[in-house]
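Below: the structure, in structure tokens.
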4 protein chains.
Amino acid sequence: MEDLAEKKQAIFESTLDLIKDHGFHGAPMSLVAKHAGVAAGTIYHYFESKEQLICELYAYNRARVTATIKAALNDGNDYKAKFFNVWTSLYSFYVKEPNVLIFFEQFVNSPFSSDKYPSHFRGDLYAFFADGIKQGIIRPLKPEILLVLVMGSINSTAKLNVFGKVAVTKPDVLRIAETVWDGISAKGKEN
Amino acid sequence: MEDLAEKKQAIFESTLDLIKDHGFHGAPMSLVAKHAGVAAGTIYHYFESKEQLICELYAYNRARVTATIKAALNDGNDYKAKFFNVWTSLYSFYVKEPNVLIFFEQFVNSPFSSDKYPSHFRGDLYAFFADGIKQGIIRPLKPEILLVLVMGSINSTAKLNVFGKVAVTKPDVLRIAETVWDGISAKGKEN
Amino acid sequence: MEDLAEKKQAIFESTLDLIKDHGFHGAPMSLVAKHAGVAAGTIYHYFESKEQLICELYAYNRARVTATIKAALNDGNDYKAKFFNVWTSLYSFYVKEPNVLIFFEQFVNSPFSSDKYPSHFRGDLYAFFADGIKQGIIRPLKPEILLVLVMGSINSTAKLNVFGKVAVTKPDVLRIAETVWDGISAKGKEN
Amino acid sequence: MEDLAEKKQAIFESTLDLIKDHGFHGAPMSLVAKHAGVAAGTIYHYFESKEQLICELYAYNRARVTATIKAALNDGNDYKAKFFNVWTSLYSFYVKEPNVLIFFEQFVNSPFSSDKYPSHFRGDLYAFFADGIKQGIIRPLKPEILLVLVMGSINSTAKLNVFGKVAVTKPDVLRIAETVWDGISAKGKEN
DNA sequence: GATGAATGAGCTTTCATTCAT
DNA sequence: AATGAATGAAAGCTCATTCAT
């Protein structure tokens, strides 16, 4: 959130914070404005409507996630290393910004989202899994399934860490990623 | 939903349907009443407030899930079979009643839920995993983590089936459960 | 305004009064409600939106005008008498209910009216003029033109009486109707 | 609109156009500015407020109408010719500039007009009618009444031509003026 | 002079809840 | 028990106006 107009950034952050603390319903425009330190009308200089504000906020953060995935896939020697990179960097992203994690969850079933299902993370990761299957590294599940399983595991773990009563330690994180990898990898399997 | 007062049941079903089709925001009391075939005021004979209606609806369906889990755990010869029983019966439950699946998702982040995280399915399944670890069948992850990973995989798959553009076939379902099992089971692992 | 639901009638009258005194812009829903002695939300039990309230109010009063014209045309022996009947009864209607007169004026150029031009009074009066021309009683002008000229004369005179600083007496009214009649009638003309 | 400061003229024209196309309600200052090619704040260098902008625009165009009437009254041999001059030149003015026609209509009932009734065209035309009565050329109606009848006939016809679905041809125009004249003139009458 | 981002009062509308019937 | 008209606080949004640049 560095290269945005100052006010726009303040509005984005205000929205994200409010949604995290009070849910979608607890983020009326008046409060968003107040917490951003601007007047209610000011928001409408930057966004046509609440819907557009929410959708832009979503697009902005989805792009950040996509970029995080892309970077992780480019960093690492072998397939497994890349997988761990993706898993841990995405996990770290969500843990560092639980705002975004909560927002994504709420957005999917909000009146603002048309997509009922988050097909939003296809792209690079989808190709990565498809490729893994072709190479025989990954079990021959449909890539869409692999996608939701892996993304789901990241989400669940991040949520547990952020909101759960259970501490998720660094070793835990590695063990979880290992668990997921052992599930989806084809090693020693013949099906 | 058989042993409830007839009106109460109608109100529950109306709420569930409305939330599934239009989201939480699209289920105002007036519409809930209309679709249930009762007057708005009537709802307030059965529930003190909207909050109570929603919370009772949640408790009711949580109990159904809990019962489903309990039944699955009592049915099956060995540990692995019990796991598969839980996975597939819960999956079937959600696929048969996507209403409930969506409702749960929405409820967690609604103004009505105090718990931010679904610690709601502890109970039997928690004990089941704790026991599996003790017996050396399951990897020594914290049971809470196992819980969210497994429940997450069921949820993700059910959502993919119900809302995704990808068909999830019966063989797919077994392969996914197998994948999850292979991840969390301790066989052939020494960590 | 006799056979309407009591509240609906109060809302109609409140709207009409407010518009008469302060113009269209001076009739916000909050004031309409207040003056009608109901809560703001109550209006929305009777009307879907402000637009519909305004449009129904228009339709209702247009029907009253139409009925006034129809009654006037059925009462009177010859053509000229009918004409005078229409002129004076419509004039009386507007003078008795200046609310409606002002409302009509404002409605035509309001955001609520799609018709830019009041083609709304066609019907019986149009036929009356068309017939008068065929019989050679009325000058052979296009009936639409006759319509706006005559309606315009009624409107102008009523407005002058209601708002002007000049008193329009009963003899004045008859003389004005006579003036209009002498203009549009064909007697002694050969064009 | 030639001898005004360039910006002022642009603002005037922008306002007139916007009001014609979208009504008074569709001419917010921001749009007026945009269509005039200036910044919102710039308008406030030329006008103290929206009210003053509108009122000046009204005064400006009222003066144009007054001048048109004055010129028409000075051109023509006899009384009847002068009358026809006034009628047709004013009619032409409105048809050429329907902007102004609509603006006048809207202005009368706007929050900006204090006068509820257009006593604004008194002056020369009033004197002209008063004089005609004294000379026995015009029926002995109150001059105010003559004024609104004649002005109303011009307005109605212009509106019919500009917005109506009926074509108003040149012969039509002459016949209408003739109709009005035959109504208000005293020839052959003894009342 | 000119700009346009910022303001905030005020608008239309929604909806959980009440209560006379 | 059941009704549904009525309520009014609060939501999203507009727009005349200001003021630092």
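Since the structure is predicted, the reported quantities are computational estimates derived from the model, not experimental observations. So that the names make sense, note that chain A is the first sequence line, chain B the second, and so on, each numbered from 1.
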Atom pair distance, as rounded to whole Å: CD in Gln52(A) and P in dG12(F): 16 Å
Atom pair distance, as rounded to whole Å: NE2 in His25(D) and P in dC11(E): 17 Å
Counting side-chain heavy atoms from C-beta on, which of dT7(F), dG4(F), dT17(F) comes nearest to Tyr44(D)? dT17(F)
Earlier contact from the 5' end, DNA chain E, for Gly37(A) and Gly41(C): Gly37(A)
For Met29(A), answer base if it contacts any base atom (sugar-phosphate contacts may also be present), sugar-phosphate if it contacts only those atoms, and nothing otherwise; contact means non-hydrogen atoms under 4.0 Å. sugar-phosphate
DNA chain F nearest-nucleotide lookup for Tyr46(B) and Glu48(D): closer to the 5′ end is Tyr46(B)
Closest to the Ala40(D) side chain, choosing from dC15(E), dT7(E), dT17(F): dT17(F)
Rounded distance (Å) that lies between atom C1' of dG4(F) and atom CG of Leu31(B): 15 Å
note: Lys8(A), atom NZ; dA6(E), atom P; distance rounded to Å ~ 12 Å
In whole Å, I'd like the distance from the CD1 atom of Ile43(D) to the P atom of dA5(E). 15 Å
With Glu56(D) as reference, evaluate Arg62(D), Lys50(D), Lys8(D) under the salt bridge (charged side-chain N to carboxylate O under 4.0 Å, His left out) test and give the passing residue. Lys8(D)
Atom-to-atom span, CG of Leu18(C) to P of dG10(E) - whole angstrom: 16 Å
Just by distance, do the side chain of Thr15(B) and the backbone of Ile11(B) share a donor-acceptor pair under 3.5 Å? yes
Would you say Thr42(B) places a side-chain N or O within less than 4.0 Å of OP1 or OP2 belonging to dT3(F)? yes
Using Watson-Crick geometry (N1-N3 plus N6-O4 or O6-N4) or G-U wobble (N1-O2, O6-N3), each under 3.5 Å, dA20(E) is paired with dT3(F)
Closest to side chain of Lys50(C), choosing from dG4(F), dT12(E), dT17(F): dT12(E)
For the aromatic rings, using the six-membered ring if either is Trp, is the centroid distance between Phe112(D) and Phe24(D) under 6.0 Å? yes
Could a donor-acceptor pair under 3.5 angstrom be found where the side chain of His45(C) meets the base of dA5(F)? no
